[in-house]
Undergrad: 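Take this structure first; my questions come after.
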2 protein chains.
Amino acid sequence: MGREASFGEFVRSCRELKADGGEKGFSLRKLAERVGIEPSYLSKIERGQQPPPGEETISRIAEELGEDPDVMLAMGGKVSSDLLEVIRSRPRLFADLIRELKNTPDKAVLRLVREVRDGEW
Amino acid sequence: MGREASFGEFVRSCRELKADGGEKGFSLRKLAERVGIEPSYLSKIERGQQPPPGEETISRIAEELGEDPDVMLAMGGKVSSDLLEVIRSRPRLFADLIRELKNTPDKAVLRLVREVRDGEW
DNA sequence: CCATTTGTGTAGTATTTACTACACACTACG
DNA sequence: CGTAGTGTGTAGTAAATACTACACAAATGG
């Protein structure tokens, strides 16, 4: 129940911030409509009464709320399927890399990302 | 049907190699017993008539056949849950890294893995 | 030739996932 | 005051997931 609740709480707080922030159109019902799900379903999700929805739905919620889809997916206990695809294409390589980086501090990983991006090798 | 079939074919060929290689105890039934599933189920999986089994079962099959679990999971269209856990713990970091590495050649990724392992930073 | 072992066919099932549909009560506002 | 919009409760469902149980026919082996 822990993860479901925190996911829902996060969605709700994001939505209420948007709503209070003058940007109208973020009542529970409006968000549900924009995302394409039933209001009652979203209500249950926000209160942790229902587990987080599917990947597509989480991504659409994140998009509507201006949040990072990967972060929101993570809170929902999922990982974007395009990332899974990358891993599955070269499982040995990525399994090793990710396990190696498991206990590596953020800073070092971040540096690695930049190294790769800038092609410093 | 493509992925399911190739997964099954791979399992079958591994098993038959083991069986023909003198190492007894790798008939379909024996493997099924060792893994803890019904023979008929394994039979259908090997022939691609049934989609690949769950993560735990795939891992046990790989273990029994002396194959790499990550590779076998990948063939079954899955990614080990411990890797997912690592990604979910720092989604922004790992999402960026993995997408960055999507089109990076094996050699370069491998070098990265070694760099991390040897702590060259 | 009889018992065992082998792979396979058929017919299910329990659980999880990812939702919908509709009715209800409360509040707000014009 | 009514009506529009708000969140929520109840009661479902279709499809996917991950299997089991049992029976059968062909091959194998002592």
Side-chain angles (χ1 to χ4, degrees), chain A residues 1 3-5 7-9 11-20 23-62 64-65 72-73 75-81 84, chain B residues 1 3-5 7-20 22-62 64-65 72-73 75-81 84:
Chain A
M1 238 214 298
R3 203 165 52 222
E4 291 85 358
F7 173 80
E9 283 165 25
V11 170
R12 172 152 291 189
S13 64
C14 285
R15 181 175 61 79
E16 286 175 344
L17 281 179
K18 288 267 167 188
D20 298 347
E23 298 192 47
K24 210 42 196 164
F26 281 97
S27 74
L28 186 149
R29 282 179 120 95
K30 295 268 172 64
L31 177 59
E33 191 189 10
R34 277 156 172 266
V35 169
I37 57 175
E38 287 289 310
S40 62
Y41 185 40
L42 179 56
S43 171
K44 275 172 284 191
I45 289 167
E46 286 192 353
R47 285 169 300 130
Q49 210 183 96
Q50 200 79 22
E55 183 189 338
E56 278 305 308
T57 300
I58 294 181
S59 290
R60 261 175 287 147
I61 291 174
E64 290 298 332
L65 294 177
M72 208 144 215
L73 284 168
M75 296 187 109
K78 325 223 169 190
V79 171
S80 178
S81 53
L84 299 185
Chain B
M1 240 215 296
R3 202 165 53 221
E4 292 86 357
F7 173 80
E9 283 166 24
F10 181 62
V11 171
R12 174 153 289 190
S13 63
C14 285
R15 182 175 61 79
E16 285 176 344
L17 280 179
K18 289 264 167 189
D20 297 349
E23 298 193 46
K24 209 41 197 162
F26 282 99
S27 73
L28 187 149
R29 281 179 122 96
K30 295 267 173 62
L31 177 58
E33 191 190 10
R34 279 155 171 266
V35 169
I37 57 176
E38 288 289 311
S40 62
Y41 185 39
L42 179 56
S43 171
K44 275 171 286 192
I45 288 167
E46 286 192 353
R47 285 170 300 131
Q49 210 182 96
Q50 201 79 21
E55 182 188 340
E56 277 307 306
T57 301
I58 293 181
S59 290
R60 262 175 286 147
I61 290 174
E64 290 298 331
L65 294 177
M72 208 145 214
L73 283 168
M75 296 187 108
K78 325 223 169 189
V79 171
S80 178
S81 54
L84 299 185

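Each chain gets a letter, A, B and so on, in the order its sequence line appears, and its residues count up from 1.
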Undergrad: In whole angstrom, what separates E46(A)'s CD from dT8(D)'s P?
TA: 7 Å

Undergrad: Could you give the NZ-to-P distance, from K44(B) to dA18(D), as a whole number of Å?
TA: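 After rounding, the reported distance stands at 15 Å.
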
Undergrad: So do the side chains of L65(B) and M72(B) get within less than 4.5 Å of each other, counting heavy atoms only?
TA: yes

Undergrad: Rounded to the nearest angstrom, tell me the gap between atom CD1 in I37(A) and atom P in dT8(D).
TA: 13 Å

Undergrad: Would you say the side chain of V11(A) lies within less than 4.5 Å of the side chain of I61(A), judging by non-hydrogen atoms?
TA: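 Yes - at least one pair of side-chain heavy atoms lies under 4.5 Å apart.
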
Undergrad: Would you give the length of the straight line joining atom CG of L28(B) to atom OG of S40(B), rounded to the nearest 0.5 angstrom?
TA: 9.0 Å

Undergrad: Drop me the distance from E9(A)'s CD to M75(A)'s CE, to the nearest 0.5 angstrom.
TA: 9.0 Å

Undergrad: Taking the side chain as every heavy atom from C-beta outward, state whether I37(A) and T57(A) have any atom pair closer than 4.5 Å.
TA: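 Yes, side chains in contact.
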
Undergrad: Heavy atom of residues 26-35 of chain A under 4.0 Å from DNA chain C: which residues?
TA: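 By residue number: none to list.
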
Undergrad: Counting C-beta onward and ignoring hydrogens, is there a side-chain heavy-atom pair between L17(B) and F26(B) closer than 4.5 Å?
TA: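 No; the side chains remain at least 4.5 Å from each other.
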
Undergrad: How does each nucleotide of nucleotides 25-30 of chain D score, in 5' to 3' order, for protein heavy atoms under 4.0 Å: base (B), sugar-phosphate only (S), or none (-)?
TA: ------

Undergrad: Using atom CD of Q49(B) as one end and atom P of dC19(D) as the other, report the distance to the nearest whole Å.
TA: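 One finds 17 Å between P of dC19(D) and CD of Q49(B), rounded.
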
Undergrad: Could you state the interatomic distance from OG (S27(B)) to CD (E16(B)), rounded to the nearest 0.5 Å?
TA: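 Interatomic distance, S27(B) OG to E16(B) CD, rounded to 0.5 Å: 11.0 Å.
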
Undergrad: With a 4.0 angstrom cut-off to heavy atoms of chain B, pull out the first and last contacting nucleotide of DNA chain C, in 5'-to-3' order.
TA: dT6(C) to dA11(C)

Undergrad: Dump the intermediate steps for side-chain contact (heavy atoms from CB on, under 4.5 Å) on L42(B) and V35(B), then the final yes or no.
TA: CA-CA 10 Å; L42(B) 179 56; V35(B) 169; over 6 Å; no

Undergrad: Measure the spacing between CD of Q50(B) and OG of S43(B) and express it to the nearest 0.5 Å.
TA: 10.5 Å

Undergrad: Taking only residues two or more places apart in sequence or in another chain, which ones pass side chain to side chain contact (heavy atoms under 4.5 Å, CB included) with K78(B)?
TA: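 With sequence neighbours excluded, K78(B) shows a side chain to side chain contact (heavy atoms under 4.5 Å, CB included) to I58(B), L73(B), given in chain and number order.
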
Undergrad: Note down the inter-axis angle between the two ends of the helix from dC1(C)-dG30(D) to dG30(C)-dC1(D), five pairs each, to the nearest 10°.
TA: 0°

Undergrad: Could you tell me how far apart L42(A) (CG) and dG7(D) (P) are, to the nearest whole angstrom?
TA: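 These atoms are roughly 9 Å apart.
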
Undergrad: Answer yes or no: are there more than 12 heavy-atom neighbours, outside E33(B) itself, under 6.0 Å from its atom CD?
TA: no

Undergrad: Give the minimum heavy-atom separation between G76(B) and F7(B), together with the two atoms involved.
TA: N-CD1, 3.6 Å

Undergrad: Quick check on DNA chain D: between K78(B) and Y41(A), whose nearest nucleotide comes earlier from the 5' end?
TA: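 This one resolves to Y41(A).
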
Undergrad: State which residues pass side chain to side chain contact (heavy atoms under 4.5 Å, CB included) with R34(A); sequence neighbours excluded, sorted by chain then number.
TA: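 For R34(A), the residues satisfying side chain to side chain contact (heavy atoms under 4.5 Å, CB included) (neighbours in sequence not counted) are E64(A).
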
